[in-house]
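Here is the structure we will look at.
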Amino acid sequence: MTTYLAGCPMTATDMRICEALRDELSGTGSALLPLLEDKIDNAVLVADDRIDPRVVTLNSRVLFGVDDEPPQTRILVRSAFRHGLIGLTLPITAPRGLALLGLRRGQRYAFGEHGTTRTIFVEDVPFQPQARRFMRDVEPARDEPAPIVDLEAARYARRTGDRSRTGTTCRSS
């Protein structure tokens, strides 16, 4: 297994879930164990409110591609659902799901799947549950609202060359 960027940012919750999964699979000879060990060994724990919003965490919606397959969007979940949500979720109990955990947008990761080395690429993370907490310290923009452009005055100025009426104005009805 190789990561192209150092470390695997992971929340404490995601790490606990990975460790519990490792304990559950220990001694079973599961093909998921080497990938799980790699994720845990390279984990860099990050507080929920400090994890980069571009990092895939559990319950993130992620747009990704594997090798030359077309990109797909899935929600990364802890385990497969018994009923419904087929094609919408991807559990970390599947090699692709576990490979995505902790990757950043734009990052590639090589992993084993059914005896073949595959490469997964994260194109985007449209939703990450921790992102809202990450952004809470960012000051909201307090700029003035965008000016309203008087298109009629702009057309007049273009036709006549008279620039005196081209200022941005807000006319009341």
Side-chain angles (χ1 to χ4, degrees), residues 1-25 28-141 146:
M1 311 302 149
T2 55
T3 52
Y4 292 99
L5 295 176
C8 177
M10 201 178 293
T11 65
T13 302
D14 292 355
M15 181 66 160
R16 279 193 302 274
I17 289 168
C18 284
E19 289 172 333
L21 183 58
R22 178 189 58 193
D23 294 344
E24 182 181 322
L25 295 176
T28 65
S30 170
L32 204 58
L33 271 171
L35 178 56
L36 197 50
E37 288 291 341
D38 188 50
K39 288 289 180 172
I40 292 170
D41 290 346
N42 290 298
V44 176
L45 289 180
V46 181
D48 280 6
D49 62 345
R50 294 289 175 225
I51 195 155
D52 186 335
R54 297 166 295 183
V55 170
V56 179
T57 62
L58 278 171
N59 300 315
S60 291
R61 186 178 312 115
V62 60
L63 174 65
F64 68 95
V66 177
D67 296 333
D68 295 329
E69 296 175 5
Q72 50 189 298
T73 301
R74 297 286 185 273
I75 299 168
L76 194 65
V77 295
R78 182 175 182 174
S79 59
F81 290 103
R82 289 185 190 172
H83 308 289
L85 300 178
I86 296 170
L88 296 176
T89 61
L90 180 62
I92 62 167
T93 54
R96 291 177 183 209
L98 187 55
L100 284 168
L101 188 64
L103 295 183
R104 287 180 187 87
R105 181 176 64 208
Q107 189 174 11
R108 295 180 187 281
Y109 183 80
F111 68 102
E113 182 179 56
H114 308 298
T116 305
T117 300
R118 312 290 302 267
T119 301
I120 200 161
F121 175 73
V122 176
E123 291 192 22
D124 196 15
V125 183
F127 172 79
Q128 182 212 68
Q130 295 83 4
R132 186 165 185 193
R133 287 183 229 147
F134 179 84
M135 298 301 292
R136 75 174 175 209
D137 295 334
V138 176
E139 288 290 322

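All values below were derived from every heavy atom in this structure, side-chain atoms included, with hydrogens, water molecules and symmetry-related copies excluded.
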Kindly determine whether Phe64 and Gln72 satisfy side-chain contact (heavy atoms from CB on, under 4.5 Å), including the steps that lead there.
-> CA-CA 6 Å; Phe64 68 95; Gln72 50 189 298; 3.5 Å; yes

Gap between atom [atom2] of [Y] and atom [atom1] of [X] - 0.5 Å precision:
X: Leu103; Y: Cys8; atom1: CG; atom2: SG; value: 6.5 Å
X: Arg61; Y: Leu76; atom1: CZ; atom2: CG; value: 12.5 Å
X: Gln107; Y: Ile120; atom1: CD; atom2: CD1; value: 11.0 Å
X: Ile17; Y: Leu58; atom1: CD1; atom2: CG; value: 5.0 Å
X: Leu35; Y: Leu98; atom1: CG; atom2: CG; value: 4.0 Å
X: Phe127; Y: Ile75; atom1: CZ; atom2: CD1; value: 8.5 Å

What are the two closest heavy atoms between [X] and [Y], and how far apart are they?
X: Ala110; Y: Thr117; answer: CB-CG2, 4.3 Å
X: Leu45; Y: Thr11; answer: CD2-O, 4.0 Å
X: Met10; Y: Leu101; answer: CE-CD2, 4.3 Å
X: Pro9; Y: Val46; answer: CB-CG2, 4.2 Å
X: Gly112; Y: Pro95; answer: O-CB, 3.8 Å

Please check: side-chain N/O of [X] versus main-chain N/O of [Y], any donor-acceptor pairing under 3.5 Å?
X: Asp48; Y: Gln130; value: no
X: Ser60; Y: Val62; value: no
X: Arg74; Y: Gly87; value: yes
X: Gln128; Y: Thr57; value: no
X: Asp67; Y: Thr119; value: yes

Does Lys39 make a cation-pi contact with Tyr109, if we ask for NZ or CZ under 6.0 Å from the ring centre and within 45° of the axis?
-> yes

Any cation-pi pair here, Arg108 with Phe121, using under 6.0 Å and within 45°?
-> yes

Does some side-chain heavy atom of [Y] sit less than 4.5 Å from a side-chain heavy atom of [X]?
X: Val55; Y: Val125; value: no
X: Val122; Y: Arg104; value: no
X: Cys18; Y: Leu36; value: yes

Derivation of the side-chain contact (heavy atoms from CB on, under 4.5 Å) call for Arg16 and Thr13 = CA-CA 5 Å; Arg16 279 193 302 274; Thr13 302; 3.4 Å; yes

Do other residues, nucleotides or ligands put more than 12 heavy atoms under 6.0 Å from Arg22 CZ?
-> yes

Would you find more than 12 non-hydrogen atoms of other residues, nucleotides or ligands less than 6.0 Å from Arg118 atom CZ?
-> yes

